[in-house]
J.: 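The structure follows.
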Amino acid sequence: MIIAIDGPAGSGKSTIAREVARRFGFAKLDTGAMYRSVALAALRRGVDLDDADAVVALARGLSITFGSECHGNVSVFVDGEDVSEAIRTPEVDRNVSAAAANAGVRAAMLAPQRLFAEGRDVVAEGRDIGSVVFPNAELKVFLTADPRERARRRVLQRHEGEHVDAALLDAEIEQTLADIERRDAIDSQRAAAPLVCPVDAVRIDSTSFTVEEIVNRIERLIAERR
Ligand code: CDP
Ligand code: CDP
């Protein structure tokens with residue numbers, strides 16, 4: 001069985017996918033980590049993200065693999081190096097959508113994404129999972145949440161376990177809101193596999209629901225599909 005979870009930045013895709021994977025013993029595929037890995041490699045090697053051909057050549061040459069879970073996330077390796085933390089910096093956040101808008105980069109990511117799901121149950125999350133990567137997925141979920149709430153959650157996630165002054169948090173939420181709205185706009189408006197809600201997806205607005213409530217809802221949807 002394949003479960004596709006798509007949605008904008010900070011809507012809860014990774015967290016929900018992780019819980020679904022745990023509860024049902026599915027493998028979790030984080031496709032955003034693959035585009036982040038391409039952006040990181042381009043930044044490190046000084047490849048201009050506007051040079052489409054150079055970025056495609058770079059992406060084709062990368063070996064992106066997934067390891068075991070660390071701090072609740074599946075670790076990501078590029079050419080054998082653990083880049084799990086390096087792909088989550090603000091610099092990668094700012095540049096990843098440019099790498100992901102490149103049609104050749106997307107084409108290079110498609111085969112490994114499909115290969116990952118061969119012969120096993122998978123919950124995959126990203127932007128084009130239900131529309132392009134796994135159009136025949138048994139269950140498609142389109143996860144949304146109010147943009148300000150998504151920014152608030154992302155900032156709290158970043159500072160988990162730390163004490164941060166309330167005024168600083170508010171300022172960071174405003175900045176994060178602007179960043180994710182910019183990224184959502186690029187992801188939704190690009191020509192290659194834009195972020196869309198597939199017609200056959202179940203749309204879930206997570207703004208006022210907990211992770212557990214949403215996972216319970218997905219559990220019921222899985223039971224119906226089975
Ligand atoms: O966790 P967050 O929602 O902030 O981002 P992510 O899922 O790690 O994805 C990072 C970026 O990769 C997105 O903003 C998209 O530009 C791109 N992406 C994509 O184009 N297609 C996917 N299937 C997954 C991610
Ligand atoms: O993967 P994506 O960018 O869509 O979002 P995420 O990284 O899974 O979620 C961002 C933050 O929102 C995490 O800290 C989640 O625990 C939190 N979250 C929440 O508080 N309530 C939800 N219903 C969903 C996510």
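All values reported here derive from a predicted model rather than from experimental measurement. In each ligand, atom 1 is the first atom listed, and ligand 1 is the first ligand listed. What you see below is based on every heavy atom in this structure, not just the backbone, and it leaves out hydrogens, waters and symmetry mates.
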J.: Taking atom CD as the centre, does E162 end up with more than 12 heavy-atom neighbours from other residues, nucleotides or ligands that are less than 6.0 angstrom away?
T.: yes
J.: If a pair satisfies side-chain hydrogen bond (donor to acceptor under 3.5 Å, both in side chains) and one of its residues is in residues 129-141, list it, with sequence neighbours excluded.
T.: K140-D200
J.: Hey, what else clusters with F142 if you join Ile, Leu, Val, Met, Phe, Trp, Tyr whenever side-chain heavy atoms sit under 4.5 Å?
T.: L195
J.: Can you list every protein residue that has a heavy atom under 4.0 Å from any atom of ligand 1, sorted by chain and residue number?
T.: A9, G10, K13, T31, G32, Y35, R36, R88, V96, S97, A100, R106, G126, R127, D128, R154, R183, D187, R190
J.: List, by chain and then residue number, the residues other than L143 in its hydrophobic cluster (Ile/Leu/Val/Met/Phe/Trp/Tyr, side-chain heavy atoms under 4.5 Å); write none if there are no others.
T.: M1, I3, I5, I16, V20, F24, F26, V123, L139, V141, V202, I204, F209, V211, I214, V215, I218, L221, I222
J.: Any luck finding a side-chain donor-acceptor pair between R158 and T176 under 3.5 Å?
T.: yes
J.: Which of the numbered atoms in ligand 2 are under 4.0 angstrom from any heavy atom belonging to I214?
T.: 23 (N)
J.: Which ligand 2 atoms are under 4.0 Å away from a heavy-atom of F209?
T.: 22 (C), 23 (N)
J.: At less than 4.0 angstrom from any non-hydrogen atom of T210, what atoms of ligand 2 do you find?
T.: 23 (N)
J.: Assess whether a salt bridge exists between D30 and K13, defined as any Lys/Arg side-chain N lying under 4.0 Å from an Asp/Glu carboxylate O.
T.: no
J.: Should we count CZ of R114 as having more than 12 external heavy atoms under 6.0 Å?
T.: yes
